[in-house]
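Below, all heavy atoms of this structure are taken into account, side chains as well, without hydrogens, waters or symmetry copies. As the structure lists them, so they are numbered: ligands from 1, and atoms in each ligand from 1.
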Amino acid sequence: MTDRTSSTLDEQTEVGSYFVATYPPFSAWTAAAVERDGKVALATPPVPGVPLGLYLHIPFCRKRCHFCYFRVYTDKNAQEVGDYLDVLAREWELCSQQPAVAGRPLDFVYFGGGTPSFLSTKQLEGLVGRLSALTPWTNAEEVTFECEPGTLTEAKLSAIRGIGVTRLSLGVENFSDEILELNGRAHRSPEIGRAYAYARSLGFPQINIDLIAGMLGETDENWRTCVEKTLALEPDSVTIYQMELPYNTTISDNLLKGTGTFAQPVADWPTKRRWVGEAFEALEDAGYHVGSAYTAVKDKSRSSFVYRDRLWQGADMIGLGVASFGHINGVHIQNVDTWETYSAAVRRNEIPLSRAYRPSDEERFIREFILQLKLGSIEPAYFREKYRVNVLERFRDQLDSLGAQGYLQTAREDAVSLTRDGLLRVDRLLTRFFLPHHAGIRYT
Ligand code: SF4
């Protein structure tokens, strides 16, 4: 039974962004800031001690999921994929010559997409050979690789392990074939078990399973089964996102045009929060620790998510590939978002940026505060030391309002933490910490 009776209009899943990935909102970033700030940041030596990460966007998928809002391609042949990888490697050559990057070791690497596991073993090894010849990542603290279960064979997983991947993230999303089909996913349940068994046998240090709460057709009973099947696999960590409908998904387009293609509605927010809450409780009963609004880990002392933690603490990161995001010397940057403009710019030996934003010190402080609040708890001392800001005073009104709504657990000198109820809706709570002129604008 779903919780629809208690939902208000505000609690329906409408078209628009929910997830807060950074600050200020993407809509504040501009093309004018590319030369003025983005390229200047790349041409400036790094601040000593700041970690550096590399994100590689592999924009290929076997099928486009109906809820996908990423820049992905499902129609490229092997030659075109090879061309893209050539451009990606060339982009890294250009970036790695920039004073902000030159000679720095990589602290973390993230293969995201799209579907990095869409690449053949040969393509993957060729790409990594070229990148690591310029910048070895043997000492990186973490190398994450996102996979779609249906693209994995034992040989490919062995190659993925061979390039130094330490954290394998399996995009399971759901265990029901009917729901996977309804949402346009390419894989089916038998492929999940097979891929997971191969991955375990190859000894990846960390295997994460990704789920989505609230896919089209989801029910209480099926969700319980998904959680049980996840627990039975005993992954090192589990990530659960609540289904959102940003612009540019097939479902959003259909909703906006009223074509009625999808008979099943997306569950409302109270239902999705309840599903994530129930999953977290079941995971906690099995010994897992809830470490953020989206993640539970089996063993806190062994599992980490370096990419997330470094980024949320203001690390530098170069994002390679079409539409990729980065952050360098305190400046947000994003690449151009079409295949043609991206490849053409790199082939002209240009860093292919489309927009940038240089946050003020106050904006950088707010960014870190809201992102770290997604962990469920922040340490005021961190912000006192790094930004000379007392968060209890700076955000007294906002914290009071969270307390009045039942979302604040503690607001003390040693910790500011959210209740479970607050954690499950944290992305909805963050705009109150934005500067006033950012609070009402479109996010993306
Ligand atoms: S697998 Fe991920 S990136 Fe690819 S279409 Fe589906 S949601 Fe988008």
Side-chain angles (χ1 to χ4, degrees), residues 13 15 17-19 21 55-77 80-81 84-85 88 110-120 123-124 144-153 156-157 160 167-189 191-192 194-196 199 208-218 226 238-255 261-262 264 266 272 294 307 319-325 334-335 337-339 342 444:
T13 301
V15 176
S17 295
Y18 164 77
F19 192 81
Y55 177 92
L56 296 125
H57 182 57
I58 309 296
F60 308 108
C61 293
R62 292 195 295 158
K63 268 176 85 177
R64 186 173 177 86
C65 306
H66 299 327
F67 53 84
C68 181
Y69 55 94
F70 300 114
R71 170 65 66 191
V72 294
Y73 303 90
T74 54
D75 58 349
K76 301 295 182 193
N77 60 33
E80 290 168 310
V81 173
Y84 179 83
L85 299 179
L88 206 66
Y110 194 104
F111 289 83
T115 306
S117 58
F118 180 92
L119 300 183
S120 68
Q123 287 167 334
L124 181 62
T144 294
F145 198 97
E146 291 182 348
C147 302
E148 187 252 278
T151 57
L152 295 172
T153 59
K156 194 185 283 184
L157 271 166
I160 293 170
R167 186 173 185 277
L168 191 80
S169 190
L170 271 184
V172 169
E173 322 309 2
N174 205 290
F175 285 85
S176 153
D177 286 342
E178 198 185 326
I179 290 179
L180 291 168
E181 164 81 31
L182 209 53
N183 289 268
R185 285 293 292 184
H187 75 273
R188 293 294 175 266
S189 55
E191 292 162 328
I192 300 170
R194 214 162 39 229
Y196 189 85
N208 175 70
I209 283 188
D210 248 3
L211 297 176
I212 299 176
M215 291 172 83
L216 294 174
E218 188 58 280
C226 280
V238 181
T239 305
I240 311 175
Y241 293 105
Q242 297 176 39
M243 175 94 139
E244 58 173 336
L245 293 178
Y247 292 89
N248 302 326
T249 75
T250 312
I251 302 174
S252 311
D253 286 352
N254 278 285
L255 276 176
T261 306
F262 299 105
Q264 312 265 7
V266 173
K272 289 184 286 190
Y294 326 101
Y307 164 81
L320 299 183
V322 61
S324 283
F325 294 96
Q334 186 186 9
N335 278 354
D337 69 353
T338 67
W339 177 285
Y342 167 69
T444 51

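- In this structure, a donor-acceptor pair under 3.5 Å is absent between the side chains of Asn335 and Ser324.
- Among all non-hydrogen protein atoms, the one lying nearest atom 6 (Fe) of ligand 1 is Cys65 SG, 2.3 Å.
- With hydrogens and angles ignored, the 3.5 Å screen pairs no side-chain donor or acceptor of Thr144 with any backbone N or O of Tyr110.
- Short contacts between ligand 1 and Val72, defined as distances under 4.0 Å to a heavy atom of the residue, involve ligand atoms 3 (S).
- For atom 3 (S) of ligand 1, the closest non-hydrogen atom of the protein is Gly114 N, 3.2 Å.
- Nearest protein neighbour of atom 8 (Fe) of ligand 1, counting heavy atoms only, is Cys68 SG, 2.3 Å.
- Counting heavy atoms under 4.0 Å from ligand 1, residue Cys61 touches it through the side chain alone.
- Judged by distance alone, with hydrogens and angles left aside, the side-chain atoms of His66 form no donor-acceptor pair with the main-chain N or O of Leu216 at under 3.5 Å.
- Between the side chain of Asp177 and the backbone N or O of Arg188, no donor-acceptor pair lies under 3.5 Å.
- Using a 30° and 60° split on the angle between ring planes, Tyr342 and Tyr84 fall in the tilted class, from 30° to 60°.
- Side chain of Asn183 to main chain of Arg185: no donor-acceptor pair is present (N/O by atom type, distance under 3.5 Å, no hydrogens or angles).
- Only the backbone of Lys63 comes within 4.0 Å of ligand 1, counting heavy atoms alone; no side-chain atom from C-beta on gets that close.
- Heavy-atom separations between Glu148 and ligand 1 are all 4.0 Å or longer.
- In terms of protein heavy-atom proximity, atom 2 (Fe) of ligand 1 is nearest to Arg185 NH1, 4.1 Å.
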